[in-house]
Amino acid sequence: MLPLLSPHDLAKVLGVAEQTIYNRHSNRDDLPPSIKLGRLLRFRREDVDTWLQQKLFECTSKSTPNAKQIPAVCRSYQENHQK
């Protein structure tokens with residue numbers, strides 16, 4: 001079994017602030033499925049990968065006329081994977 005990701009680890013993967021992960025979780029905003037271990041919030045790597053693939057598909061299947069409309073995770077992926 002792969003180690004679980006902490007909110008800090010997930011924030012680094014997504015290129016956002018750690019507080020953003022906690023805020024999204026508290027507001028039930030868009031995040032990969034999470035696991036609560038007592039007070040600890042954790043994410044399975046395979047759930048994160050699946051969630052990112054879904055987001056990538058959404059990014060590439062929609063034409064967005066305005067860069068502000070592209071979700072941050074899509075912009076981050078696009079910036080890090082440009083040829």
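Keep in mind the model is a prediction, meaning the values are calculated, not measured.
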inquiry  = Would you compute the distance between atom CG of Leu4 and atom CG of Leu37 and round it to the nearest 0.5 angstrom?
reply    = 6.5 Å
request  = First locate atom OG of Ser34, then atom CZ of Arg24, and finally report the distance between them rounded to the nearest 0.5 Å.
outcome  = 13.5 Å
Nearest-0.5 Å distance, NE2 of residue His25 to CG of residue Leu41 = 4.5 Å
query = Do the side chains of Pro7 and Arg42 get nearer than 4.5 Å, heavy atoms only?
reply = yes
note = One should read off an interatomic distance between Arg45 CZ and Leu52 CG, to the nearest 0.5 angstrom, of 7.5 Å
Between CG on residue Leu14 and NZ on residue Lys55, distance to nearest 0.5 Å = 11.0 Å
request  = Could you tell me whether the side chain of Asp9 and the main chain of Ser6 form a donor-acceptor pair under 3.5 Å?
outcome  = yes
query = How many angstroms lie between OH in Tyr22 and CG in Leu10, if you round to the nearest 0.5 Å?
reply = 10.5 Å
request  = Report yes or no: do Thr20 and Asn23 form a side-chain donor-acceptor pair below 3.5 Å?
outcome  = no
inquiry  = Tell me the closest heavy-atom pair linking Val48 and Phe43, and the distance in Å.
reply    = CG2-CB, 3.9 Å
request  = Kindly indicate whether the side chain of Gln53, heavy atoms from C-beta on, has any atom under 4.5 Å from the side chain of Thr50.
outcome  = no
